[in-house]
Amino acid sequence: MNYFGNDPKEAVTIMKVRDFMVRDVIGVSPETTIKDVMSTFVEKKIGGVPIMKKDGTLCGIVTDGDILRALKPLDRRIHDYFSFITYIAVEDREVHLSEIINREIIKIAKTNGIVTVRPEDEMETVINLLAKHHFKKLPVVNGAGRVVGVISRGDVIRNIQQTIVESL
């Protein structure tokens with residue numbers, strides 16, 4: 001059984017990412033529309049997905065926050081000497097929304113500096129990355145850069161609870 005030891009003198013088997021990553025990855029292709037990604041988020045009750053090429057290579061990651069930022073209404077400001085007026089036309093919002101939701105997801109996704117982990121990484125590495133960057137989820141990639149799993153905050157908490165907390 002894998003666990004973190006409470007006493008540093010204990011013999012500890014270090015947990016690896018492969019021991020608790022989700023292998024059934026829900027991902028999308030770069031060409032998937034924002035609208036379709038939104039549907040996937042709602043249907044699967046998730047908040048982020050890796051974006052993968054046909055061969056499974058990671059090329060981006062997108063979250064519900066990225067989509068919200070892309071959908072943010074256009075803001076037109078009209079200045080005069082006496083007042084500041086913010087005007088957002090309903091027609092402009094609808095046109096903006098219809099243009100945005102039909103764009104390819106890769107256009108709003110994070111594509112550079114994506115933080116990933118490997119199956120052989122230790123749980124401590126995952127905890128540090130999730131805490132430091134405030135990520136909800138990390139893609140797990142193999143040596144060829146192909147997505148082989150994902151690991152979320154919830155996966156880590158569940159695993160710690162099942163393997164450590166229950167034994168205390």
Side-chain angles (χ1 to χ4, degrees), residues 1-6 8 10-72 99-168:
M1 178 175 186
N2 294 322
Y3 64 95
F4 285 111
N6 293 320
E10 293 179 36
V12 177
T13 302
I14 302 296
M15 296 184 74
K16 301 287 186 180
V17 169
R18 71 175 152 262
D19 298 328
F20 59 101
M21 69 183 191
V22 172
R23 296 172 192 274
D24 187 17
V25 179
I26 298 169
V28 297
S29 72
E31 300 81 25
T32 306
T33 65
I34 293 172
K35 179 181 179 181
D36 289 338
V37 172
M38 289 171 60
S39 294
T40 299
F41 285 2
V42 171
E43 178 185 322
K44 302 292 185 183
K45 297 180 181 162
I46 58 175
V49 290
I51 302 169
M52 302 176 289
K53 296 178 185 173
K54 286 184 171 112
D55 68 356
T57 305
L58 181 68
C59 62
I61 192 158
V62 68
T63 67
D64 47 9
D66 297 324
I67 291 176
L68 287 176
R69 283 184 287 282
L71 296 178
K72 186 177 98 176
E99 288 172 359
I100 294 294
I101 64 171
N102 290 308
R103 284 189 188 163
E104 293 179 343
I105 196 66
I106 198 70
K107 294 190 176 169
I108 67 162
K110 179 174 177 74
T111 57
N112 294 315
I114 301 170
V115 177
T116 63
V117 292
R118 296 184 181 262
E120 60 276 3
D121 287 342
E122 296 176 3
M123 182 181 221
E124 186 175 350
T125 301
V126 173
I127 293 170
N128 289 336
L129 288 171
L130 290 172
K132 178 182 177 186
H133 298 288
H134 304 282
F135 294 142
K136 294 178 184 179
K137 187 177 291 200
L138 291 170
V140 182
V141 297
N142 64 16
R146 289 191 179 91
V147 178
V148 295
V150 293
I151 190 152
S152 70
R153 291 180 193 170
D155 299 327
V156 173
I157 296 298
R158 262 187 304 284
N159 197 276
I160 291 171
Q161 192 273 332
Q162 291 170 351
T163 59
I164 301 170
V165 176
E166 288 295 317
S167 65
L168 296 178

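What's counted below: heavy atoms across the whole structure, side chains too, no hydrogens, waters or symmetry copies.
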Hey, could you give me each pair passing ring pair (Phe, Tyr, Trp, His ring centres under 6.0 Å) that has a residue in residues 135-157? Not counting sequence neighbours.
His133-Phe135
Rounded distance (nearest 0.5 Å) linking atom OG1 of Thr111 with atom CD1 of Ile51
8.5 Å
Can you pull out every salt bridge (charged side-chain N to carboxylate O under 4.0 Å, His left out) where at least one residue sits in residues 102-111? Sequence neighbours excluded, please.
none
Which residues pass the salt bridge (Lys or Arg N to Asp or Glu O under 4.0 Å) test with Arg23, sequence neighbours left out?
none
Asp64: what forms a side chain to side chain contact (heavy atoms under 4.5 Å, CB included) with it, not counting sequence neighbours?
Phe41, Lys136
By side chain to side chain contact (heavy atoms under 4.5 Å, CB included), Ser39 pairs with (sequence neighbours left out) none
Residues two or more places apart in sequence or in another chain: which of them pass side chain to side chain contact (heavy atoms under 4.5 Å, CB included) with Lys132?
none
Quick one: list whatever passes side chain to side chain donor-acceptor pair (under 3.5 Å) with Asn102, sequence neighbours left out.
none
Just to verify, which of Val126, Leu138, Val140 counts as forming a side-chain contact (heavy atoms from CB on, under 4.5 Å) with Met21?
Val140
Please round to the nearest 0.5 Å and tell me the distance separating atom CG of Leu58 and atom OG1 of Thr116.
7.0 Å
Exercise: identify the closest heavy-atom pair between Val37 and Val62:
CG1-CG1, 4.2 Å
Taking the side chain as everything from C-beta on, heavy atoms only, tell me whether Val150 gets closer than 4.5 Å to Pro50.
yes
Quick one: pull up CG in Asp121 and CD1 in Ile151 and give me the separation to the nearest 0.5 Å.
10.0 Å
Pro119 and Val148: which non-hydrogen atoms are nearest, and at how many Å?
CG-CG2, 3.8 Å
Lys16/Asp19 ion pair, N-O < 4.0 Å
no
Just jot down the salt bridge (Lys or Arg N to Asp or Glu O under 4.0 Å) partners of Asp155, sequence neighbours excluded, or say none.
Arg158
One should read off an interatomic distance between Leu130 CG and Thr125 OG1, to the nearest 0.5 angstrom, of 10.5 Å
For Asp55, side chain to side chain contact (heavy atoms under 4.5 Å, CB included) partners two or more places apart
Lys53, Thr57, Arg146
Rounded to the nearest 0.5 Å, what separation is found between the CE atom of Met123 and the CD1 atom of Ile160?
4.0 Å
Nearest atoms (heavy-atom pairs only) where Arg18 meets Glu120
NH1-CA, 3.5 Å
Taking side chain to side chain donor-acceptor pair (under 3.5 Å) as the definition, give me every residue that meets it alongside Glu31, ordered by chain and number, with sequence neighbours left out.
Ser29
Quick check for you: to the nearest 0.5 Å, what is the distance between Ile34 atom CD1 and Leu71 atom CG?
6.5 Å
Using the side-chain contact (heavy atoms from CB on, under 4.5 Å) rule, pick out the option among Ile106, Val49, Asp36 that qualifies with Val28.
Val49
